[in-house]
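Per chain, numbering begins at 1; letters A, B, ... match sequence-line order.
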Amino acid sequence: MQINDKYSPQEIESKWYEYWIEQDYFHSTPDHREAYTVVIPPPNVTGMLHMGHMLNNTIQDVLVRRARMLGKNACWVPGTDHASIATEAKVVAKLKAEGIDKSTLTREEFLKHAWEWKDKHGGIILNQLRKLGASCDWERTAFTMDDDLSSSVIKVFIDLHKKGKIYRGVRMVNWDPSAKTALSDEEVIYKESQGKLYYLKYMIEGSDKYIVVATTRPETILGDTALCVNPNDERYADMDGKRVIVPLINRSIPIIKDDYVDIEFGTGALKVTPAHDVNDYMLGEKYNLEVIDIFNDNGTINDKVGMYEGLDRFVLRDQIEKDLATANLLEKVEPYTNKVGCSERTGAPIEPKLSMQWFLQMEELAKPALTAVMDDVVKLVPAKFKNTYKHWMENVKDWCISRQLWWGQQIPAYYLPKGGYVVAETEEEALELAKQKSGDSNLTISDLRRDEDVLDTWFSSWLWPISVFNGINEPENSDIQYYYPTNDLVTAPDILFFWVARMIVAGYEYRGEKPFSNVYFTGIVRDKQRRKMSKQLGNSPDPIDLIAEYGADGVRVAMMLCSSAGSDLMFEDSLCEQGRNFSNKVWNAYRLVNGWSVDTTIEQPESSKIAIEWFNALLNKTIAEVDDNFKDYRISEALMTLYKLFWDEFSGWYLEMIKPAYQAPIDSKTLAQTKEIFEKLMSLLHPFMPFITEELWQDISPREKGESIMVSLQPVTSEFNQELLQEFDIVKDVVTSIRNIRKEKNLPNKETLELKVIPDSNYNDTYNAVITKMANITSIESVTDKDITAAAFIVKTTEYFIPLGDKIDVESELKKLNEELVYLEGFLRSVMGKLNNERFVQNAPAKVLDTENAKKDDSEAKIKAIKERISQLS
RNA sequence: GGGAGUAUAGCUCAGCUGGUUCAGAGCAUCUGCCUUACAAGCAGAGGGUCCUUGGUUCGAAUCCAUGUACUCCCACCA
């Protein structure tokens with residue numbers, strides 16, 4: 001497309017992405033430069049791109065592209081996570097839709113289906129990232145179940161087991177009856193749920209009296225093995241040694257006393273079900289109670305009790321309520337709101353369940369990881385997350401790492417026929433170990449039974465920054481040596497514990513070093529009503545549609561403008577308009593510059609010289625600001641700074657200053673310098689808007705094949721003339737004042753005006769050329785007396801006049817002057833109030849005193865000038 | 001139940017260690033303009049008790065305390 005056409009992002013974006021790929025700019029290999037490494041938070045293999053990814057990956061791309069343009073060897077490793085529960089659930093559902101039940105398949109058959117699924121859907125999200133312009137090193141694309149990564153996981157498991165950090169045991173775990181697997185504590189989310197509180201009658205054995213017990217889960221009476229009251233509860237003082245009968249079940253259970261029970265709650269009596277409640281389990285251990293597990297893995301009732309067998313737990317709850325009522329054992333039912341733990345992945349209510357699982361001891365491992373964050377060796381941005389992190393790490397619990405699933409890394413534990421197990425990387429090693437352990441040299445592989453479980457997904461992703469560089473299998477390889485530790489991690493705060501904390505732990509355990517230097521937490525993308533964007537609510541736009549409508553550059557700019565670290569962002573489609581409008585502005589500014597014809601015989605006008613000098617100073621100042629913003633990860637501010645620089649300063653002021661008259665040519669020097677400036681502006685904007693900046697950069701001057709803005713260097717800041725910038729603010733004020741007068745007096749811009757000035761210390765005629773050009777002034781004449789027939793204005797302390805003959809309205813002029821006078825006098829009074837206050841003069845630092853004195857002088861001078869003009873006019 | 005955070009213009013937010021970057025920005029709104037790069041634009045304008053109440057200070061949006069309102073995290077209350 002031609003540059004003088006309208007801006008149309010669709011036409012340029014795919015072209016440049018292909019070019020970048022073809023030129024292999026994204027790929028990084030170790031060299032002499034400083035490495036800058038980012039590993040992507042691997043999205044779920046079956047995921048689709050949503051607004052959260054959009055935000056997250058835009059930030060990463062901005063950081064990576066900028067680092068690359070700062071001369072670093074930037075490497076952004078992309079990849080996906082196998083997400084064992086989520087993916088397995090999807091595959092199971094898909095098979096079910098085809099009429100295949102998972103239980104009829106062998107492990108191998110199921111995994112075949114799962115891999116097919118992965119191959120079919122696994123690449124979608126990464127392809128979507130390309131549309132966004134993500135400059136990932138695609139040749140390094142990793143998947144958490146790639147051979148290298150899987151063997152890393154297994155090695156680490158074996159190593160931790162060898163170190164005695166991994167143990168196997170029966171514990172109360174969070175059971176997901178839908179996925180039929182254990183979950184870690186972090187995978188349980190608590191939701192408010194409107195339920196009921198049931199008051200059940202437990203008859204006292206050998207008596208017609210009863211004790212009422214309040215419970216939210218009456219179905220668990222099947223597993224009741226005691227009734228517990230507080231020893232200090234007088235209502236139950238005479239219950240020592242007595243027993244009660246479990247309603248409906250007619251089992252006799254003891255009454256025990258423990259101060260765990262809250263006297264205030266319900267009736268002060270607690271039913272104890274050690275198999276199905278964590279607290280009850282602890283009571284059970286303490287008082288040596290029988291444990292009756294009443295559920296099957298899928299949440300239906302088993303045959304242990306011999307009643308209600310096969311019923312689902314929630315069906316049973318209603319059934320029990322009816323049966324209790326019929327038997328007159330239900331005193332009452334109250335509405336009750338409580339928190340119910342649900343599976344993060346499947347949403348199913350969690351069932352606390354006793355089962356044999358594998359655990360990782362975290363306490364010791366967590367120590368270096370805690371110190372690292374507290375000492376800012378790993379810096380969290382924003383820092384408020386340090387508190388949360390500290391609290392979690394100091395109270396870290398053992399990590400349940402086994403899952404009763406097939407999709408994932410299978411635990412490398414092999415059970416011996418006569419009890420005991422060995423842990424080994426291969427079957428052959430396992431056999432050797434087994435022979436040693438059992439003393440039976442005739443053992444064969446088929447005698448060993450491998451543990452069925454797989455490892456928690458996070459047990460593979462916690463190695464991500466190491467395993468993508470194969471740093472577990474080959475700890476000395478050149479990639480890991482060069483790229484590790486990585487620099488920035490960009491992620492959402494909801495996986496701080498799942499992932500970030502554990503990566504830091506693994507980093508210290510397996511590399512003896514932090515995995516990254518900075519963690520940038522993005523906010524959560526919400527809609528206008530502050531609701532989290534989600535598929536179910538249907539309030540999330542499809543990012544691909546947005547890109548199609550506004551262009552990737554436009555969407556990127558929109559996201560970056562409204563996102564500061566750690567705070568949520570309220571997104572709506574219309575925000576993209578701002579991004580697209582800005583792209584359009586950039587495009588059109590280039591069209592203007594590009595459309596000028598050059599005349600090498602004309603001299604460079606004075607106004608252009610000044611404009612270039614001024615803009616270069618401003619550019620330097622802005623680059624320094626942007627550098628600072630990036631240093632503090634204030635990315636949206638960096639962009640806003642550049643946005644204003646380009647729109648207001650460059651387009652609004654600079655281009656207007658150097659713009660030749662209609663169809664007139666421009667001098668070659670100004671054009672060349674302007675193109676240079678334009679190029680720098682493109683470089684500065686490139687990390688945010690990669691496509692349009694490449695397109696224009698390529699067009700500015702002929703480029704060789706193989707050149708690209710993305711591998712060019714960022715402009716660097718240098719000394720700039722601070723005074724020039726301040727003086728220019730005065731120039732702008734003068735121009736604006738003249739524009740205001742034009743507006744008031746209805747004078748069209750085309751009509752030329754004369755300007756008179758009474759020079760004083762704040763006046764500098766260097767800039768007259770600029771003023772005349774910008775405000776369409778014919779001449780600026782220095783005078784000594786006020787022109788009372790002219791429209792007047794004061795900038796700083798300098799008085800200006802525009803002779804308008806009879807066009808000025810003395811009445812309204814006086815009114816305005818008086819208003820201004822009142823304001824200035826009030827202002828002066830407050831300044832004088834400070835200066836006359838002895839304590840202020842004594843305590844305030846010299847700098848503050850100076851400014852106050854300057855304020856005083858300026859306003860006094862202004863007041864004097866206004867008073868004079870008032871007296872002349874009236 | 002414990003902990004943390006936030007409250008500034010209609011909206012989204014800046015405002016670092018109290019003082020000319022102190023009341024700001026962008027968007028939105030309003031008023032003029034189809035001015036020869038751009039109406040996805042240009043030129044202007046309006047808009048805030050800096051959540052309440054106290055305190056510290058010569059001086060508070062900024063520091064301290066109290067209250068209020070939201071948000072998030074953690075926790076085994078049946």
Side-chain angles (χ1 to χ4, degrees), chain A residues 3-4 6-7 172 185 190 197-198 213-217 220 228 260-262 264-273 277-282 336 338-339 341 352 382 384-392 395 493-494 496-497 524 528 530 550 554 561-564 566-572 574-575 577-596 632 634 636-637 639-641 643-644 647 651-652 655-656 659 661-663 736 739-740 742-744 746 748-750 833-834 837-845 847-852 854-855:
Chain A
I3 300 294
N4 40 5
K6 271 204 160 254
Y7 168 61
M172 187 66 88
D185 294 342
Y190 289 87
L197 192 59
Y198 303 81
V213 175
T215 178
T216 54
R217 301 199 56 193
T220 60
C228 188
Y260 162 72
V261 177
D262 180 356
E264 303 297 318
F265 187 90
T267 59
L270 171 74
K271 63 192 253 348
V272 184
T273 321
D277 184 281
V278 181
N279 300 300
D280 292 10
Y281 177 67
M282 291 187 303
Y336 186 75
N338 65 335
K339 293 243 174 110
K384 65 176 178 186
F385 289 107
K386 275 169 86 170
N387 286 326
T388 327
Y389 181 86
K390 179 167 181 252
H391 184 261
W392 192 75
N395 298 288
D494 51 352
L496 174 58
F497 306 134
I524 294 166
K528 269 280 153 191
R530 288 199 169 266
Y550 300 99
L561 277 178
C562 63
S563 67
S564 60
S567 61
D568 293 356
L569 62 101
M570 261 47 73
F571 185 86
E572 58 178 342
S574 59
L575 284 173
E577 284 171 21
Q578 196 182 353
R580 181 210 44 195
N581 292 357
F582 184 52
S583 308
N584 189 47
K585 186 73 190 175
V586 171
W587 185 263
N588 283 308
Y590 184 73
R591 274 177 62 191
L592 175 67
V593 174
N594 189 47
W596 290 328
D632 299 336
R634 290 137 75 115
S636 63
E637 250 176 90
L639 175 57
M640 183 46 76
T641 305
Y643 176 95
K644 286 192 278 193
W647 200 311
S651 300
L655 288 179
E656 293 299 331
K659 190 174 176 176
Y662 180 49
Q663 291 193 329
T736 304
R739 281 175 183 166
N740 276 325
R742 281 184 188 275
K743 186 129 183 160
E744 274 166 35
N746 246 323
N749 289 323
K750 281 179 183 166
K834 288 187 203 172
N837 182 334
E838 262 179 56
R839 300 225 263 173
F840 172 77
V841 178
Q842 274 171 14
N843 293 318
K847 205 178 132 194
V848 176
L849 273 176
D850 285 351
T851 59
E852 291 300 321
K855 275 196 233 170

J.: Rounding to an integer number of angstrom, what distance separates B/rC27 and B/rA40 when you compare their P atoms?
T.: 15 Å
J.: Taking CZ from A/Arg591 and P from B/rA37, how many angstroms apart are they, rounded to a whole number?
T.: 9 Å
J.: Which letter, B, S or -, goes with each nucleotide of nucleotides 72-78 of chain B from 5' to 3', with contact meaning a protein heavy atom under 4.0 Å?
T.: -SSBBBB
J.: Who does B/rC11 pair with, Watson-Crick or G-U, both distances under 3.5 Å?
T.: B/rG26
J.: Taking only the side-chain heavy atoms of A/Asn740 (C-beta and beyond), determine which of B/rA37, B/rG44, B/rC58 contains the nearest atom.
T.: B/rG44
J.: When you measure from the side-chain N and O atoms of A/Lys659 to the phosphate of B/rA37, is any distance below 4.0 Å, counting only OP1 and OP2?
T.: yes
J.: May I have the distance from A/Tyr7 (atom OH) to B/rA39 (atom P), rounded to whole angstrom?
T.: 16 Å
J.: Hey, are the side chains of A/Leu575 and A/Tyr550 touching, using non-hydrogen atoms and a 4.5 Å cut-off?
T.: no
J.: Between B/rC58 and B/rG48, how far apart are the P atoms? Round to whole Å, please.
T.: 32 Å
J.: So which nucleotide does B/rA4 pair with, by the Watson-Crick or G-U wobble rule with both distances under 3.5 Å?
T.: B/rU71
J.: Need the pair for B/rU31. Rule: Watson-Crick or G-U wobble, both distances under 3.5 Å, any strand; none if unpaired.
T.: B/rA43
J.: Can you list the steps and then say if A/Arg591 with A/Asn594 is a side chain to side chain donor-acceptor pair (under 3.5 Å)?
T.: CA-CA 5 Å; A/Arg591 274 177 62 191; A/Asn594 189 47; over 6 Å; no
J.: Considering only B/rG44, B/rA40, B/rA25, which nucleotide approaches the side chain of A/Thr736 most closely?
T.: B/rG44
J.: Please compare A/Val593 and A/Val848 by the position of their nearest nucleotide in RNA chain B and report the one closer to 5'.
T.: A/Val848
J.: Between B/rG59 atom C1' and A/Gln842 atom CD, what is the distance in whole Å?
T.: 14 Å
J.: Do A/Phe840 and A/Glu852 have side chains that approach each other closer than 4.5 Å (heavy atoms only, starting at C-beta)?
T.: yes
J.: If B/rA65 has a Watson-Crick or G-U wobble mate with both distances under 3.5 Å, name it; if not, just say none.
T.: B/rU53
J.: Once you apply the 3.5 Å cut-off to both distances, tell me the Watson-Crick or G-U wobble partner of B/rC16, or none.
T.: none
J.: Going by side chain to side chain contact (heavy atoms under 4.5 Å, CB included), A/Leu270 matches just one of A/Val213, A/Thr215, A/Val261. Which one?
T.: A/Val261
J.: From B/rU31, B/rC13, B/rC58, pick the nucleotide closest to the side chain of A/Met570?
T.: B/rC13
J.: Could you tell me the separation between the CG atom of A/Asn594 and the P atom of B/rC38, rounded to a whole number of Å?
T.: 14 Å
J.: Start with the C-alpha distance between A/Gln578 and A/Phe582, add both sets of side-chain angles, then the distance that settles side-chain contact (heavy atoms from CB on, under 4.5 Å), and finish with yes or no.
T.: CA-CA 6 Å; A/Gln578 196 182 353; A/Phe582 184 52; 5.9 Å; no
J.: Could you work out the separation of B/rG24 and B/rC42 based on their C1' atoms and round it to a whole Å?
T.: 24 Å
J.: Return the 5'-most residue of the pair A/Gly652, A/Ala661 with respect to RNA chain B, ranking by each residue's nearest nucleotide.
T.: A/Ala661
J.: Rounding to an integer number of Å, can you tell me how far A/Arg634 CZ sits from B/rA14 C1'?
T.: 8 Å
J.: Between C1' on B/rC11 and CG on A/Leu561, what's the gap in Å once rounded to a whole number?
T.: 15 Å
J.: Counting heavy atoms from C-beta on, name the nucleotide in B/rU36, B/rA14, B/rC27 closest to the side chain of A/Glu637.
T.: B/rA14
J.: Quantified in whole Å, what is the C1' atom distance between nucleotide B/rC76 and nucleotide B/rA23?
T.: 50 Å
J.: Work out how far the C1' atom of B/rG1 is from that of B/rA75, and round it to whole angstrom.
T.: 8 Å
J.: Do A/Lys659 and A/Trp596 make a side-chain contact, defined as non-hydrogen atoms from C-beta onward lying under 4.5 Å apart?
T.: yes
J.: Under 4.0 Å between any heavy atoms, over every strand shown, what does A/Lys644 touch: base, sugar-phosphate, or nothing? Just pick one.
T.: sugar-phosphate
J.: When you compare B/rG59 with B/rC72, how far apart are their C1' atoms, in angstrom units rounded to a whole number?
T.: 36 Å
J.: Should A/Arg839 be listed as having a side-chain N or O under 4.0 Å from OP1 or OP2 of B/rC58?
T.: yes
J.: Between B/rG5 and B/rA45, how far apart are the P atoms? Round to whole Å, please.
T.: 41 Å
J.: B/rA28 C1' sits how many Å from A/Gln578 CD, rounded?
T.: 10 Å
J.: Between atom CG in A/Leu655 and atom C1' in B/rC38, what is the gap in whole Å?
T.: 11 Å
J.: Looking across every strand, which nucleic acid part, if any, lies under 4.0 Å from A/Glu572 by heavy atom: base, sugar-phosphate, or nothing?
T.: nothing
J.: What's the closest nucleotide to the A/Pro845 side chain, out of B/rA43, B/rG19, B/rU12?
T.: B/rG19
J.: Does A/Trp647 place a side-chain N or O at less than 4.0 Å from the phosphate oxygens OP1/OP2 of B/rC42?
T.: yes
J.: Among B/rC38, B/rG41, B/rA4, find the nucleotide with the atom closest to the side chain of A/Asn581.
T.: B/rG41
J.: Which class fits the ring pair A/Trp392 and A/Phe497: parallel under 30°, tilted 30 to 60°, perpendicular over 60°?
T.: parallel
J.: Select one nucleotide: of B/rC58, B/rU12, B/rU36, the one nearest the side-chain heavy atoms of A/Asn837.
T.: B/rC58
J.: Quick one: label A/Asn387 by what it contacts on the DNA or RNA (base, sugar-phosphate, nothing), any heavy atom closer than 4.0 Å.
T.: sugar-phosphate
J.: Considering non-hydrogen atoms only, spot the tightest contact between A/Lys271 and A/Thr273 and give its length.
T.: NZ-OG1, 3.0 Å
J.: Could you measure between the two P atoms, the one in B/rA9 and the one in B/rU49, and give it in whole Å?
T.: 9 Å
J.: For A/Arg739, answer base if it contacts any base atom (sugar-phosphate contacts may also be present), sugar-phosphate if it contacts only those atoms, and nothing otherwise; contact means non-hydrogen atoms under 4.0 Å.
T.: sugar-phosphate
J.: Is any side-chain heavy atom of A/Leu655 less than 4.5 Å from a side-chain heavy atom of A/Leu592?
T.: yes
J.: What I'd like to find out is whether the side chain of A/Phe385 reaches to under 4.5 Å of the side chain of A/Pro493, using heavy atoms alone.
T.: yes
